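Remember, it's a predicted structure, so these values are computed and weren't measured experimentally.
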Amino acid sequence: MAKGITRTNQSMKNATLSIISQGIQQLLRIAVRIVFIRAIGQELLGVNSLFTEILTALQLVELGVGPAMAFSLYKPLAENDEEKVKSLMALFKKAYRIIGAIVLILGVGFTPFYTFFINGAPDISNLNLIYLIFVFDTGISYFFSYYRTLLISDQKKYVDLSVQMIVTILVSVLQMILITITHSYMIYLILQVIGTISTNFIASKIAIKEYPYLKDKNVKKLDNATTGEIKKNIFAMIFHKIGTIVRDATDNLFISKYISLAISGVYSNYSMITKALATLIGQIFNAVLSSVGNLHITADSKAQKEVFYNINYINFWIATFCACCFGVLAKPFILVIANETYLLGSFVVVLLTLRFYLDIMRKTTWMFCEAAGVYWKGKSKPIWEAVVNLVVSWILVKTIGISGIFIGTIITILIVDLPIEPYLAFKYVLNGGLAKYYLRYFIYLVIFGIIAGITYLACMLVTGTGITALILKAIIAIITSNVMFVLCTFKTKEFKYAKGLIKNYSSKIIKRRIA
């Protein structure tokens with residue numbers, strides 16, 4: 001029982017700070033984006049989005065070391081096996097420094113070829129230098145990031161989040177001030193690099209202080225069984241990395257190549273919102289991941305399954321609420337930060353909303369797979385994911401335009417991810433019961449559709465544009481989506497669990513403040 005309480009407390013602590021930290025960071029990113037649009041312009045916004053996706057693709061070089069590293073650390077950290085932790089960290093230190101060097105070399109070598117993804121020659125000076133700064137920012141991030149993974153694996157993600165939040169606040173404020181004064185994109189990028197270096201460096205110093213035995217030069221070589229398991233997981237994660245990167249990068253690269261760089265900049269405002277929400281949600285699940293990893297080691301499949309459905313219900317609540325708010329608030333929000341030239345069509349927004357919901361609903365099943373280290377079992381899934389997404393999106397963008405790109409991603413989720421990921425979780429982690437999951441999944445999808453439709457109709461009552469209309473629609477969307485969700489699910493035992501969790505955690509916070 002004590003271990004369960006510790007896991008819950010650590011998960012709630014990590015999740016709470018994740019929400020606060022990411023909420024602050026995403027608000028700052030939105031503020032920076034507003035200043036960016038007004039001070040620098042649409043085409044450079046498109047360049048920023050394109051180079052971000054290209055460098056995301058280069059991160060394939062990591063070969064899945066990060067997730068494999070986190071999984072390998074769960075057991076020795078839970079057992080306080082300092083010697084094993086030292087050996088693992090020595091291995092990961094070497095691996096990450098090699099990865100960082102390879103990313104820098106490949107990134108620089110790709111310089112003559114990035115223009116392939118640009119439809120038409122943009123009139124932008126120092127484009128190569130801008131690209132190389134992106135390369136440096138990505139490559140240098142690997143040199144200390146393994147320390148952050150150690151903190152996260154030991155259920156201390158709140159430490160990493162605190163560092164991220166402080167650095168992001170300082171960098172964002174400086175970016176807004178300096179680009180307003182200078183209108184310089186270069187200054188914006190240089191500050192971004194400084195932020196990356198600072199975050200990793202500070203987190204590494206904290207980790208070394210937290211785990212002083214890492215300074216010990218006497219490090220044993222890992223046994224063959226551990227090394228073999230790590231290599232196996234990394235090899236499997238190569239495929240998962242390919243699938244994720246290809247799918248995520250396809251949208252902007254296809255828009256830039258087949259539509260225009262300017263439209264890529266327009267889409268980047270929508271993707272900024274969905275990525276901000278996905279990052280916030282991802283931080284919540286990452287905060288719980290190490291606890292699920294600990295649960296997998298210490299609990300039986302029945303207990304794991306109960307936790308799974310409780311988390312999946314919370315996942316559904318978050319996905320429904322965030323997707324509904326995105327669907328109805330994206331347009332009024334963009335009209336506040338920019339103007340009508342930055343809007344996409346209503347049908348495209350519907351597709352983006354559905355894609356976002358379906359993607360977020362994958363979080364629980366994949367988290368349990370990741371926590372149990374079953375990467376190898378599903379190694380072929382990402383290859384199919386990448387192939388289907390590329391082929392379908394390419395065919396549809398050539399025939400129906402920008403909508404085809406997002407339809408391609410939705411089709412990929414439905415015919416590749418949805419059949420395979422739950423199968424892996426229930427066969428290799430939760431010991432059966434897949435039919436119940438799919439039944440619940442489709443019931444949840446119907447409920448989401450009903451709530452989304454009612455939320456949209458309720459927000460239609462507010463007319464006009466501007467900050468007042470945005471605030472009113474936001475209030476209506478928040479209240480409507482949550483009230484409808486409670487009405488649709490309040491009789492379930494998962495709702496009672498979530499209600500109890502919120503009640504207990506709230507009472508603890510109140511008691512601490514009174515004390």
Side-chain angles (χ1 to χ4, degrees), residues 273-274 277-278 281 284-285 305-331 346-368 385 388 392 403 406-426 430 432-461 473-474 476-499 502:
I273 301 170
T274 54
L277 291 170
I281 296 166
I284 296 170
F285 279 87
K305 195 174 292 184
E306 183 178 352
V307 172
F308 172 87
Y309 277 113
N310 287 332
I311 294 175
N312 193 53
Y313 173 82
I314 295 170
N315 188 173
F316 171 48
W317 195 333
I318 293 170
T320 299
F321 168 64
C322 291
C324 287
C325 288
F326 169 77
V328 298
L329 298 178
K331 179 178 177 179
S346 297
F347 181 61
V348 173
V349 176
V350 171
L351 293 175
L352 290 174
T353 303
L354 178 59
R355 185 192 67 173
F356 177 76
Y357 169 82
L358 294 173
D359 213 23
I360 297 303
M361 282 302 295
R362 297 169 53 205
K363 293 281 185 187
T364 308
T365 49
W366 185 244
M367 180 177 67
F368 272 73
E385 186 179 30
V388 171
V392 176
S403 298
F406 308 121
I407 292 173
T409 306
I410 291 169
I411 290 172
T412 302
I413 293 172
L414 292 175
I415 70 173
V416 179
D417 298 321
L418 183 57
I420 297 175
E421 290 175 354
Y423 169 79
L424 294 173
F426 279 86
L430 301 173
L434 186 58
K436 177 183 175 181
Y437 170 79
Y438 279 126
L439 176 62
R440 190 163 297 190
Y441 182 92
F442 288 110
I443 291 171
Y444 283 174
L445 183 59
V446 172
I447 293 172
F448 164 69
I450 293 168
I451 295 173
I454 292 172
T455 303
Y456 173 78
L457 292 173
C459 287
M460 288 287 287
L461 297 172
K473 287 186 177 184
I476 292 171
I478 291 168
I479 293 173
T480 305
S481 59
N482 282 293
V483 168
M484 288 301 303
F485 186 91
V486 171
L487 289 175
C488 290
T489 65
F490 75 96
K491 288 187 177 181
T492 64
K493 63 180 182 179
E494 289 83 10
F495 173 80
K496 293 174 184 176
Y497 167 82
K499 180 182 175 182
I502 294 168

key: Heavy-atom side-chain contact between Ile318 and Lys363 under 4.5 Å   = no

key: Atom pair CG/CH2 of Leu424 and Trp366 - distance to nearest 0.5 Å   = 7.0 Å

ask   = Do Phe426 and Phe308 touch side chain to side chain, with heavy atoms closer than 4.5 Å?
value = yes

inquiry  = Could you tell me if the side chain of Val349 sits less than 4.5 Å from the side chain of Lys331, heavy atoms only?
reply    = no

Return all side-chain donor-acceptor pairs below 3.5 angstrom for residues 480-490, not counting sequence neighbours, or 'none' if the list is empty.
{"unit_1": "Thr480", "atom_1": "OG1", "unit_2": "Ile476", "atom_2": "O", "d": "2.7"}
{"unit_1": "Ser481", "atom_1": "OG", "unit_2": "Ala477", "atom_2": "O", "d": "2.6"}
{"unit_1": "Ser481", "atom_1": "OG", "unit_2": "Ile478", "atom_2": "O", "d": "3.4"}
{"unit_1": "Asn482", "atom_1": "OD1", "unit_2": "Trp317", "atom_2": "NE1", "d": "2.8"}
{"unit_1": "Asn482", "atom_1": "ND2", "unit_2": "Ile478", "atom_2": "O", "d": "2.8"}
{"unit_1": "Thr489", "atom_1": "OG1", "unit_2": "Tyr313", "atom_2": "OH", "d": "2.7"}
{"unit_1": "Thr489", "atom_1": "OG1", "unit_2": "Phe485", "atom_2": "O", "d": "2.9"}

key: Close side-chain approach of Tyr497 and Ile314, heavy atoms under 4.5 Å   = yes

inquiry  = Before we go on, tell me: are the rings of Tyr357 and Phe326 under 6.0 Å apart, centre to centre?
reply    = no

key: Atom of Met361, atom of Ala319 and distance for their closest heavy-atom approach   = SD-CB, 3.9 Å

key: Nearest non-hydrogen partners of Cys322 and Ile281, listed with the distance   = SG-CD1, 3.9 Å

query = So how far is it from Arg355 CZ to Thr409 OG1, rounded to the nearest 0.5 Å?
reply = 5.5 Å

key: Option from Val392, Val348, Thr412, Leu351 for which side-chain contact (heavy atoms from CB on, under 4.5 Å) with Ile407 holds   = Leu351

task = Would you indicate whether the side-chain heavy atoms of Val307 and Phe368 approach each other to under 4.5 Å?
result = yes

request  = Measure the OG1-CG distance between Thr320 and Asn315 for me, rounded to the nearest 0.5 Å.
outcome  = 9.0 Å

Phe495, CZ atom: more than 12 neighbouring heavy atoms under 6.0 Å = yes

Please tabulate, for the side chains in residues 435-460, all donor-acceptor contacts under 3.5 angstrom to protein atoms that are two or more places apart in sequence or on a different chain.
{"unit_1": "Tyr438", "atom_1": "OH", "unit_2": "Leu418", "atom_2": "O", "d": "2.7"}
{"unit_1": "Tyr438", "atom_1": "OH", "unit_2": "Pro419", "atom_2": "O", "d": "3.1"}
{"unit_1": "Arg440", "atom_1": "NH1", "unit_2": "Glu494", "atom_2": "OE2", "d": "2.7"}
{"unit_1": "Thr455", "atom_1": "OG1", "unit_2": "Ile451", "atom_2": "O", "d": "2.7"}

note = Note: Gly433 and Tyr309 closest approach over all heavy atoms is O-OH, 3.8 Å

key: Distance, nearest 0.5 Å, that separates NZ of Lys499 from OG1 of Thr492   = 11.5 Å

inquiry  = For the CG atom of Leu329 and the CD1 atom of Ile273, what is their distance to the nearest 0.5 Å?
reply    = 8.5 Å

task = State the CD1-CG distance between Ile410 and Leu358, to the nearest 0.5 angstrom.
result = 6.5 Å

